[in-house]
Amino acid sequence: MHEIRFFNTLGRRLEPFRPLEEGLVRMYTCGPTVYDHAHIGNLRAFVFEDLLRRSLRFLGYRVVQVMNLTDVDDKTIRGALERGVSLDEYTRTYIDSFFADLDALHVERAEHYPRATEHIPDMIDMIATLVDRGYAYQRDGSVFFRIAADEDYGRLSGIDLEQVKSSARVASDEYDKDDVRDFALWKAKKDGEPSWDSPWGPGRPGWHIECSAMSRRYLGPSFDIHCGGVDNIFPHHENEIAQSESANGVPFVHTWLHAEHLIVDGQKMSKSLGNQYTLKQLLERGLEPRAIRYVYLATHYRQKLNFTFSAVEAAAGALRRIDEMRFRLASAVEGEAPSPAVAAAIARLEDDFTRNLADDLNAAGALGAVFVFVKEINKAIEGGAIGAGDRKRIEDALARVDQPLGVLDAGAWQEGDGDGGGLDDAEIERLLAERQAARARRDFARADAIRDRLQGAGIVVEDTPQGPRWRRS
RNA sequence: GGCGACGUAGCCAAGUGGUCUAAGGCGGAGGUCUGCAAAACCUCUAUUCGCCGGUUCGAAUCCGGCCGUCGCCUCCA
């Protein structure tokens, strides 16, 4: 078993990973604010978290993952008001859209998707504890966290609080706080906004408190991993640590993992550049979701991912190479005894693949091991070195490494209508036989006409020394 | 201004002290197969890791400087 190492943002170094409870990993992954459709940058973080949970399982752990849905904040409130609908109705559209995106990219479901609006009492409870303990104070119906009361504030981000103090943005803050750096735990109700009753009057929770409260509800006061995008390091995750440790009196999270941003054509995504794509927009352009998932996987999560259309094309080509190998394997003739070359290739794959994955989730390296394997198997097929039982052993090895990747099995990504343009298998076989007969009597016009017809129906025919083989494209 | 990241072949991207004259993919060039084609497969495709110094027996990998790109600095994954 390979030891898992992660780059912990807290401390900024690679370190061996050990869960608090043997064999079980509890992780909290910051989810979407459901005020708009997710863009491909948001989705990068979610695919990264999917890779993480799948990899942990592959490496032998049970996983409990929580992902919050932020359904009450400035943006959802504003959106609902503008559209003249309830908050719930407004966010439902984007929650549905979010899950549709996850499905399209084959992201596994987390164990829990708590919504902020369904956990207001948990948040009020935690805020009350913070007030009791002197970490928070009330002001005009709002409650603020007193940063000065938390000595080790800033140890995740390494932020210099003196700097924050003098920043212009903070100076323009709308609230009257003891210290400009203090942040809101509870915001007093404003006209027209949805609100909940609390000991401090009607209002709504601040952003950071939801993650502290909901993670405690589902994972307890201390757990193993917390993830998000790098932009969450400060202030969001810093504030979560402050709230949770001040309220619970125990260490909050051991390992913090942060996904780097995605850029498009070398530039930051922004509405004004018009490059803030949603998954739906890419799919409408004809990009395959499987290739998009591959693009996400092929760059290490701590590296900026430069998303380009040509990268998606390259990904599609890479996947085709794998599909093609399996296709050729399916019609390979097995020899007498199992092939030592195949056994060696499988052993090498499993070792290299696992080692890379355990090393801070190096999926790009793991993918490299898969392609080395593909090449070796191709050679074995070419050289007639596929032995008894090898086909299944190869397929099984691919299925194992695909458990964390979720991208190798073309069949799993097939859209419903792959029916070969109305031709069933028997009909295809009959046409192929007819074409073979035509070829045998050197009636190539007839043979090519049949091939064209099959091609038109989405059937690819490949001639080999052992006869033709076909597949639906 | 403060904090931080990155710069590897035409493109994408691993590797972070010796097995690196640098994995893998895309693209490109040859070849094999074929009636032709397509597809596929095989081989080749960076003596070099932004530039300059230094440390070391040894550096793409560590240190310093410079150049370039980018992110964060109160609610953006």
Side-chain angles (χ1 to χ4, degrees), chain A residues 9 12 14 29-33 38-49 70 73-75 147 154 157-164 166-170 172-173 180-184 206-208 227-236 238-239 258-263 266-270 294-295 298-300 302-308 310-322 324-325 327-328 352 356 359 362-375 378-379 381-383 439 442-444 447-448 451 455 460-465 469 471 473:
Chain A
T9 305
R12 294 183 195 280
L14 277 169
T29 49
C30 275
T33 299
H39 60 242
I40 55 174
N42 298 319
L43 262 13
R44 181 196 192 180
F46 303 136
V47 173
F48 152 65
E49 286 151 2
T70 300
D73 82 317
D74 292 350
K75 284 175 293 205
I147 280 182
S157 59
I159 193 112
D160 178 355
L161 282 176
E162 292 309 307
Q163 283 293 326
V164 175
S166 58
S167 141
R169 265 168 105 167
V170 171
S172 66
D173 198 301
V180 288
R181 303 167 305 181
D182 293 346
F183 58 89
W207 175 36
H208 314 299
C227 309
V230 287
D231 52 292
N232 280 153
I233 296 172
F234 185 85
H236 185 50
E238 198 70 79
N239 290 349
H258 293 280
E260 247 300 347
H261 278 190
L262 173 151
I263 56 180
Q267 291 179 296
K268 186 184 176 172
M269 277 190 303
S270 73
Y294 184 100
V295 168
T299 297
H300 188 98
R302 283 192 287 116
Q303 200 76 28
K304 271 190 275 292
L305 190 161
N306 186 16
F307 186 93
T308 61
S310 69
V312 180
E313 277 169 39
L319 288 168
R320 206 176 308 127
R321 186 167 162 75
I322 294 167
E324 209 46 58
M325 186 274 264
F327 173 53
R328 301 171 70 240
D352 286 351
N356 274 111
D359 184 13
N362 186 354
L367 242 16
V370 171
F371 285 102
V372 168
F373 178 70
V374 167
K375 176 159 287 190
N378 273 333
K379 279 189 199 173
I381 294 170
E382 224 46 33
R439 291 178 74 200
R442 304 190 69 76
D443 179 359
F444 298 122
D448 289 351
R451 185 171 63 198
Q455 210 154 41
V460 175
V461 179
E462 296 183 8
D463 294 321
T464 78
R469 61 186 171 215
R471 66 192 157 97
S473 63

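In what follows, chains carry the letters A, B, and so on, assigned in the order in which the sequence lines appear, proteins first and then strands, with residues in each chain numbered from 1.
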Report yes if a side-chain nitrogen or oxygen of K304(A) is closer than 4.0 Å to either non-bridging phosphate oxygen (OP1 or OP2) of rG4(B); otherwise report no.
no

May I have the distance from I322(A) (atom CD1) to rG24(B) (atom C1'), rounded to whole angstrom?
11 Å

Taking any heavy-atom pair under 4.0 Å as a contact, classify Q303(A): base, sugar-phosphate, or nothing.
sugar-phosphate

From T9(A) OG1 over to F234(A) CZ, what is the distance, rounded to the nearest 0.5 angstrom?
15.0 Å

Select base, sugar-phosphate, or nothing to describe what F444(A) touches, counting heavy atoms under 4.0 Å on all strands.
base

C1' atom, rA13(B) versus rC73(B): distance in rounded Å?
30 Å

For the pair made of CZ in F307(A) and C1' in rC11(B), what is the distance, rounded to whole Å?
15 Å

Do any side-chain nitrogens or oxygens of K75(A) fall under 4.0 Å of OP1 or OP2 in rC76(B)?
yes

Can you give the dot-bracket line for RNA chain B, using ( ) for pairs inside the strand, [ ] for pairs that cross earlier ones, | for pairs with another strand and . for unpaired bases, where Watson-Crick and G-U count if both distances are under 3.5 Å?
(((((((..(((.....[.....)))((((((.......))))))....(((((..]....))))))))))))....

Using atom CZ of R302(A) as one end and atom C1' of rG15(B) as the other, report the distance to the nearest whole Å.
13 Å

Position toward the 5' end of RNA chain B (nearest nucleotide), R320(A) or A314(A):
A314(A)

Is there a side-chain polar atom (N or O) of K268(A) under 4.0 Å from OP1 or OP2 of rC76(B)?
no

So, is K375(A) near the phosphate of rU43(B), with a side-chain N or O under 4.0 Å from OP1 or OP2?
yes

With P as the reference atom in both, quote the distance from rU55(B) to rG64(B) in angstrom, rounded to an integer.
15 Å

If the C1' atom of rA60(B) is compared with that of rC52(B), how far apart are they to the nearest Å?
16 Å

When you compare rA59(B) with rG54(B), how far apart are their C1' atoms, in angstrom units rounded to a whole number?
12 Å

When rounded to whole Å, the NE2 to P distance for the pair H236(A) and rG71(B) reads 22 Å

Whole Å only: how far is the CZ atom of R181(A) from the P atom of rG2(B)?
19 Å

Taking the same atom, P, in rC41(B) and in rC26(B), what whole-Å distance lies between them?
8 Å

Without decimals, in angstroms, what is the distance between N232(A) CG and rG71(B) P?
17 Å

For H39(A), give me all partners under side-chain contact (heavy atoms from CB on, under 4.5 Å), at least two apart in sequence or on another chain.
N42(A), M269(A), Q276(A)

Under 4.0 Å, heavy atoms only, any strand: does A364(A) hit a base, just the sugar-phosphate, or nothing?
base

Where the side chain of N378(A) is concerned, which of rC41(B), rA77(B), rG24(B) is the nearest nucleotide?
rC41(B)

Report the distance from atom CZ of F307(A) to atom CG of L262(A), rounding to the nearest 0.5 Å.
7.0 Å

For N232(A) and H258(A), run side-chain hydrogen bond (donor to acceptor under 3.5 Å, both in side chains): C-alpha distance rounded to whole Å, both residues' side-chain angles, the deciding distance at 0.1 Å, then the answer.
CA-CA 8 Å; N232(A) 280 153; H258(A) 293 280; over 6 Å; no

Classify the nucleic acid contact of H300(A) as base, sugar-phosphate or nothing, counting any heavy atom under 4.0 Å across all strands shown.
sugar-phosphate

Under 4.0 Å, counting only non-hydrogen atoms across every strand here, what does V295(A) touch: a base, just sugar-phosphate, or nothing?
nothing

For G41(A), which contact category applies under a 4.0 Å heavy-atom criterion: base, sugar-phosphate, or nothing?
base

Under 4.0 Å between any heavy atoms, over every strand shown, what does R321(A) touch: base, sugar-phosphate, or nothing? Just pick one.
sugar-phosphate

Among L305(A), N306(A), T308(A), find the residue that satisfies the side chain to side chain contact (heavy atoms under 4.5 Å, CB included) test when tested with I263(A).
N306(A)

Using a heavy-atom cut-off of under 4.0 Å over every strand shown, decide if H261(A) touches base, sugar-phosphate, or nothing.
base

For D231(A) and rC76(B), what is the distance between atoms CG and C1' respectively, to the nearest whole Å?
5 Å

Decide yes or no for F46(A) and T29(A): does some side-chain heavy atom of the first lie under 4.5 Å from some side-chain heavy atom of the second?
no

Using the C1' atom as the reference point in each nucleotide, state the distance between rU45(B) and rU56(B) in Å, no decimals.
34 Å

Please classify the nucleic acid contact of R328(A) as base, sugar-phosphate, or nothing, using heavy-atom distances under 4.0 Å.
sugar-phosphate

With the side chain of L262(A) defined as its heavy atoms from C-beta on, choose the nearest nucleotide among rC42(B), rC76(B), rA77(B).
rA77(B)

Using the C1' atom on both, measure rU16(B) against rU61(B) and round to a whole Å.
4 Å

Of the candidate nucleotides rG24(B), rC75(B), rA13(B), which contains the atom at the shortest distance from the side chain of F371(A)?
rG24(B)

Could one point to a donor on the side chain of D448(A) or the base of rG35(B) with an acceptor on the other under 3.5 Å away?
yes

Distance check, C1' atoms only: rU47(B) and rG65(B), in whole angstrom units.
27 Å

Pair of N/O donor and acceptor under 3.5 Å linking rA37(B) base with R451(A) side chain:
yes

